[in-house]
Amino acid sequence: ETAARVAVGSVALKLLGELGVQGANHVVSLGGIEAAEGFDWNNLETIEDSDLRTADQDAAARMRERIDAAKASGDTLGGILEVRFRGLPVGLGSFAHYDRKLDGRIAQVCLSLQAMKGVEIGRAFEQARIPGSAVHDAVRYDAGYTRDTNRAGGLEAGMTNGEELIVRVAMKPIATLMTPLPTVNVVTHEASDAARERSDTTAVPAAGVILQTIIGWVLADAMLEKFGGDTLPELQERVAASRAYEKAY
């Protein structure tokens with residue numbers, strides 16, 4: 001099921017690339033081990049070369065130790081993935097229609113993926129604990145409207161605002177354990193151990209690849225909704241015109 005979604009989403013990512021939109025994903029936390037803060041688009045090759053999809057090699061070493069320990073004890077580990085897209089035009093989504101708000105559509109598709117239990121745009125959970133003056137992005141004018149921060153994570157009122165889109169997703173540990181939890185026999189109603197079966201210790205790094213492609217599908221769909229067109233050149237022309245309009249203001 002996830003392989004099919006990656007195959008379809010890869011076509012969407014290709015379309016976005018033709019429109020000047022680039023995506024990336026990386027692991028920010030695995031088994032409670034946090035990677036260093038700060039994402040660098042120039043480090044994509046390092047992330048791709050990492051078996052744990054993180055540019056922080058020190059954290060990766062500690063993550064591997066945590067994975068080995070969990071495997072030895074028959075346990076599993078979850079983590080937090082981050083997906084980013086840059087180059088998105090302003091105005092994808094809707095501020096009025098609940099079913100077309102882009103943050104809602106992104107959250108739905110992320111939570112439709114197995115084991116995903118939470119989604120935030122930007123650093124929403126952290127921002128819920130601090131005053132609005134430390135959350136919202138002030139606007140200034142300097143040969144065009146601009147902002148010094150992107151705390152909103154690229155989405156406001158259900159629409160893209162031209163900043164980088166930042167989505168974080170929490171993945172719970174895989175439920176099938178080699179050291180099973182207690183359960184109940186459905187025939188005798190007596191206490192029993194859950195069935196033992198093959199289980200990966202963690203699937204966090206792979207999940208980031210899936211999330212990037214399925215979010216990419218949502219974004220490609222939103223691009224086609226806004227700009228239309230029956231051919232790629234038409235679509236590219238309309239997106240370019242929109243970007244020129246943005247720069248003019």
Side-chain angles (χ1 to χ4, degrees), residues 2 22-86 103 106-107 109-111 113-137 148-155 163-179 199-216:
T2 54
Q22 183 181 15
N25 72 86
H26 67 121
V27 172
V28 297
S29 176
L30 198 161
I33 304 297
E34 305 288 329
E37 289 285 345
F39 174 84
D40 187 349
W41 285 96
N42 295 319
N43 272 346
L44 293 187
E45 192 170 313
T46 303
I47 294 171
E48 292 295 333
D49 289 341
S50 169
D51 56 342
L52 295 178
R53 297 199 63 78
T54 176
D56 184 347
Q57 298 307 305
D58 290 337
R62 287 182 283 122
M63 289 175 184
R64 291 187 196 97
E65 291 177 358
R66 184 65 56 85
I67 292 170
D68 290 341
K71 184 175 182 178
S73 63
D75 216 334
T76 57
L77 300 172
I80 300 174
L81 297 312
E82 185 175 85
V83 180
R84 292 179 174 241
F85 282 89
R86 64 176 179 177
D103 42 8
I106 289 172
V109 74
C110 289
L111 291 177
L113 187 61
Q114 298 92 320
M116 304 303 146
K117 301 298 288 184
V119 180
E120 64 175 349
I121 309 297
R123 302 300 291 272
F125 293 110
E126 177 184 316
Q127 292 167 359
R129 300 181 177 92
I130 57 180
S133 57
V135 170
H136 301 294
D137 301 302
D148 295 324
T149 59
N150 180 26
R151 297 163 178 159
L155 281 174
E163 300 289 342
E164 192 174 308
L165 175 65
I166 306 172
V167 183
R168 287 193 167 197
V169 186
M171 180 181 186
K172 70 175 183 178
I174 295 170
T176 51
L177 303 174
M178 296 307 294
T179 302
S199 175
D200 293 324
T201 304
T202 185
V204 171
V209 176
I210 304 168
L211 287 166
Q212 181 181 330
T213 55
I214 61 179
I215 294 173

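No experiment lies behind these values; they were computed from the predicted model shown.
Here D75 contributes atom CG and R66 contributes atom CZ; the two are 11.0 Å apart, rounded to the nearest 0.5 Å. Put simply, CG on L30 and CG on L81 are 8.5 Å apart, with the number rounded to the nearest 0.5 Å. Within the model, atoms CG of D137 and OG1 of T149 stand 3.5 Å from one another, a figure rounded to the nearest 0.5 Å. To the nearest 0.5 Å, atoms CG (L165) and CD1 (I215) are separated by 7.0 Å. Note: R86 CZ to R84 CZ = 10.5 Å, rounded to the nearest 0.5 Å. Separation of atoms CD1 (I214) and CG (L113) is listed at 5.0 Å; rounding is to 0.5 Å.
Side chains of L44 and Q22 form a contact here, defined as non-hydrogen atoms less than 4.5 Å apart.
The nearest pair of heavy atoms linking P173 to G78 is CG-N, 3.5 Å. What you find for G153 and I121 is that their closest heavy atoms are O-CG2, 3.7 Å. Among all heavy-atom pairs drawn from A70 and T201, the shortest one is CB-CG2, 3.8 Å. Minimum interatomic distance between V167 and C110 (heavy atoms only, all atoms of both residues): CG1-SG, 4.4 Å. The two residues K117 and L111 come nearest to each other via the heavy atoms C-CD2, 3.8 Å. Looking at every heavy atom in both residues, E164 comes nearest to N150 through O-ND2, 2.9 Å.
The ring pair (Phe, Tyr, Trp, His ring centres under 6.0 Å) analysis of residues 38-65, with sequence neighbours excluded, yields the pairs H26-F39, F39-W41.
Under a 3.5 Å cut-off, the side chain of E120 and the backbone N or O of F125 do form a donor-acceptor pair. For the pair T202 (side chain) and L77 (backbone), a donor-acceptor distance under 3.5 Å is present. The main-chain N or O of A69 is found under 3.5 Å from a side-chain atom of S73 such that the two form a donor-acceptor pair. Within the 3.5 Å criterion, the main-chain N or O of R151 finds a donor-acceptor partner in the side chain of Q127.
Remark: the N25 side chain and the Q212 side chain contain an N/O donor-acceptor pair separated by less than 3.5 Å.
Taking the side-chain hydrogen bond (donor to acceptor under 3.5 Å, both in side chains) definition, one finds that R62 meets it with nothing, sequence neighbours left out. Partners of A115 according to the side-chain contact (heavy atoms from CB on, under 4.5 Å) rule, which considers only residues two or more places apart in sequence or in another chain, are M171, K172.
Ion pairing of R168 with E126 is absent here, as no side-chain N (NZ or NE/NH1/NH2) approaches a carboxylate O to less than 4.0 Å.
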